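All remarks here apply to the structure that follows.
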Amino acid sequence: MEVIFGVIFHFIGGFASGSFYIPYKKVKGWAWESFWIVGGLFSWLIVPPIAAWLTVPNFVEIIKATNGGILGLTYFFGLLWGIGGLTYGLGVRYLGVSLGSTIILGLCSVFGALVPAVYYEFSPKDGKDSIGMLALSHWGQIVLIGIAVCVLGIIICGRAGTLKERDLNKSGAAVNENKDYKFGLGITVAIISGVLSACFAFGIDAGADMANAANAAWREANHITDNANFLYKNNVTYIVILWGGLTTNFIWCMILNARNKTFGNYTDGKTPLLKNYIFSALAGTTWFLQFFFYGMGESKLGNGASSWILHMAFIIPVANMWG
């Protein structure tokens with residue numbers, strides 16, 4: 001039953017992630033950097049502490065009591081992930097929702113699952129699965145087979161992208177309808193995004209002490225004696241990771257605003273300002289919900305590699321459906 005609930009939570013999180021970009025399509029008259037950072041303020045600054053306040057008692061004290069080195073490393077992975085998240089938006093812009101999301105998330109799932117496992121092979125830690133454990137256990141072998149299938153899917157999607165570009169080049173009308181489509185640039189951005197987006201998984205591992213503190217406090221307060229885990233324990237870790245993501249995205253979007261002279265978007269009365277802010281906020285909030293439910297799913301499954309791959313596996317078909 002725990003596994004079933006874990007899968008359901010990951011599906012809800014995957015649906016939120018695969019759907020978050022859709023409200024941005026309703027934003028009119030704003031440059032990409034303007035609606036991206038407005039949505040990002042909700043994703044990375046406003047909604048996460050609200051979620052933590054609603055679910056994790058004394059989350060501020062947990063952060064304050066955490067070792068500075070752990071906070072710094074968690075924030076650093078957030079910075080790297082922020083670059084991945086930033087280039088995700090560009091990848092979807094240049095490749096489209098379906099192709100861009102599939103390639104980026106496929107790479108993200110592979111690196112997010114394997115890199116921590118390789119790290120823990122050389123630096124063992126209780127409760128963490130190494131690549132050796134994956135290779136020698138039945139469940140681990142199934143995970144590795146899933147990763148291999150994912151890599152095959154990335155190759156097939158890349159081939160689909162080259163065929164799409166060839167078809168677009170044959171039709172001037174098609175090109176005009178897909179002005180942002182640039183396969184060469186898009187695939188480069190997608191690879192960077194896929195690799196660096198996996199740093200969110202590393203950030204969760206780096207900040208595990210905060211999640212463990214929240215879990216221990218919950219178990220003590222509720223007199224838990226079995227192996228049950230606190231559903232919302234990761235919500236406190238997300239705050240620090242997302243500070244890093246906000247830093248990267250905010251700096252880059254401000255640079256683009258200055259370069260493209262688009263600061264006026266935020267107050268431009270010629271655009272539907274209220275609707276633009278609402279849809280951007282909706283996109284940002286929907287984005288955060290993916291990790292809200294991811295944390296719930298991981299607490300039920302109790303395995304980072306399986307959770308990460310399952311989360312990404314749900315995002316890909318949802319994004320393709322919208323695409």
Side-chain angles (χ1 to χ4, degrees), residues 3-27 35-36 39-40 42-44 47 51 81 84-113 143 146-147 149-158 160-161 164 180-181 186-187 189-191 193-194 197-198 200-201 204 234 238 245 279-298 300-301 304-323:
V3 172
I4 293 175
F5 278 117
V7 172
I8 292 173
F9 290 142
H10 280 308
F11 170 75
I12 297 173
F15 187 87
S17 181
S19 306
F20 90 92
Y21 204 85
I22 303 305
Y24 283 137
K25 298 289 187 179
K26 300 294 184 180
V27 176
F35 66 69
W36 185 256
F42 282 85
S43 299
W44 311 313
V47 179
W81 165 82
L86 178 65
T87 47
Y88 178 93
L90 293 175
V92 170
R93 176 183 180 183
Y94 294 134
L95 295 177
V97 173
S98 177
L99 179 61
S101 295
T102 300
I103 293 176
I104 292 170
L105 296 172
L107 289 169
C108 183
S109 65
V110 171
F111 280 89
V143 169
I147 292 175
V149 173
C150 186
V151 172
L152 177 61
I154 295 170
I155 295 172
I156 293 173
C157 288
K164 178 180 179 180
D180 286 335
Y181 184 84
I187 196 67
V189 170
I191 291 172
S193 177
S197 291
F200 201 100
I204 293 174
N234 282 330
Y238 294 155
F279 281 119
S280 295
L282 178 61
T285 302
T286 302
W287 181 94
F288 174 76
L289 288 177
Q290 69 168 307
F291 285 114
F292 182 85
F293 286 101
Y294 172 87
M296 295 170 67
E298 187 184 35
K300 291 295 185 182
L301 294 183
S306 298
S307 286
W308 187 255
I309 293 172
L310 188 60
H311 179 69
M312 296 297 161
F314 280 127
I315 298 173
I316 293 173
V318 171
N320 274 275
M321 176 193 72
W322 285 116

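The chain is numbered in sequence order, starting from 1. Since we're looking at a predicted model, the values are computed, not measured.
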Note: N234 and G295 closest approach over all heavy atoms is ND2-CA, 3.7 Å
Separation between OG1 (T286) and CG (L282), nearest 0.5 Å, reads 4.0 Å
Residue set satisfying side chain to side chain donor-acceptor pair (under 3.5 Å) with S19, at least two apart, ordered chain then number -> W322
Sequence neighbours excluded, the answer for side-chain contact (heavy atoms from CB on, under 4.5 Å) partners of S280 is Y24, V27, W30, F35, V38
Q) Is a donor on one side and an acceptor on the other found under 3.5 Å between the side chain of S43 and the backbone of G39? A) yes
Applying side chain to side chain donor-acceptor pair (under 3.5 Å) to W81 and not counting sequence neighbours gives none
Any side-chain heavy atom of F292 sitting closer than 4.5 Å to one from Y238?
no
Sorted by chain and number, sequence neighbours left out, side-chain contact (heavy atoms from CB on, under 4.5 Å) with A281 holds for F42
Name every donor-acceptor pair, under 3.5 Å, that has one atom in a side chain of residues 4-17 and the other anywhere in the protein, sequence neighbours excluded.
{"from": "H10", "atom 1": "NE2", "to": "S307", "atom 2": "OG", "distance (Å)": "3.2"}
{"from": "S17", "atom 1": "OG", "to": "Q290", "atom 2": "OE1", "distance (Å)": "3.1"}

